[in-house]
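Input: a single structure, listed below in structure tokens.
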Amino acid sequence: MRFWQKIFLISLTVLTVAVNIIAYMLISNNHRLNKEKEIASSQEMYSIVVSSFQTSVLYERYRSSEDPINAARIAQIARGFSYQFALDKLFIQLNSSDGERLFSNYDNELPPDLLDGIQEEGGARLLIDRDEDSGQVYLYIASPVVIQSETYFFTTIKDITSIYEVKSEQLMFFSVVGPIVSVVVAVILLFVSRLLTSRINKLRRSTRLVSEGQYHHIDIRSK
């Protein structure tokens, strides 16, 4: 293999690997930032939703003079309350302290370890899970909520599939553009490697002629 070919192949390999690694890191970092932004936004929304729901229950309690409001009535309030977030594609589920589902406008079942983790560890719990049937990715936020001295589990479910679709589209775009860029880079490297080694090749040819007894002046000007 000639020297210029070695330069060409090594440079092309190193550059191709480096470009692919950098592109993947950029796409992954952008995906991570988008996911963190969505999580922060959903956590803020969760606090607002829970506070608003508790206020709605308190208002209904004073309006109806029903003290306390039973679980069935709280489920009805949750149903009417859920319509406020239909445009945001935010689903709501309310469970009793023993895990019984009182209300939900979410068609699928919650991940089994979501409420179990809250019961074991307490506090709020955040989980990202992909539905195997539809392929949709959902962000679940759940925590115990005290209403009229009773503990309920309040869960919001947000469809964040678009974040993962953006990553897939970016990877698909690079899988198409990457080979094109590699071809362009290969052509440039081919030209550069031939240019850089042209004087070396001339010297090699001249020394071969000298070894054969053809002595002549070698005109090579280079730094």
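Basis for what follows: all heavy atoms, side chains included, without hydrogens, waters or symmetry-related copies.
Distance check, rounded to the nearest 0.5 Å: CD1 of I157 to CG of D129 gives 11.5 Å. The line from CG of D113 to CG of L127 is 5.5 Å long, rounded to the nearest 0.5 Å. L126 contributes atom CG, which lies 5.0 Å from atom CG of L139 (distance to the nearest 0.5 angstrom). Atom CG of residue D159 and atom CD of residue E38 lie 9.5 Å apart, to the nearest 0.5 angstrom. Distance check: Q136 CD to Y164 OH gives 12.5 Å after rounding to the nearest 0.5 Å.
Neither side chain, R79 nor Q76, offers a donor N or O lying under 3.5 Å from an acceptor on the other. N29 and R32 are linked by a side-chain donor-acceptor pair at a separation below 3.5 angstrom, with hydrogens and angles left out of the test. Between T155 and Y106, the side chains place no donor N or O within less than 3.5 Å of an acceptor N or O (distance only, hydrogens not considered).
Between F91 and Y138, the angle of the ring planes goes over 60°, which puts this pair in the perpendicular group of the 30/60° scheme.
Residue K35 places its NZ atom among 12 or fewer non-hydrogen atoms of other residues, nucleotides or ligands, all under 6.0 Å distant.
The hydrophobic cluster containing M172, built from Ile/Leu/Val/Met/Phe/Trp/Tyr side-chain heavy atoms closer than 4.5 Å, comprises no other residue.
Remark: F174 engages no residue in a ring pair (Phe, Tyr, Trp, His ring centres under 6.0 Å) (not counting sequence neighbours). F53 meets the ring pair (Phe, Tyr, Trp, His ring centres under 6.0 Å) test with F81, F154; sequence neighbours excluded.
Transitive grouping of hydrophobic side chains (ILVMFWY, heavy atoms separated by less than 4.5 Å) keeps L26 and F173 in distinct clusters.
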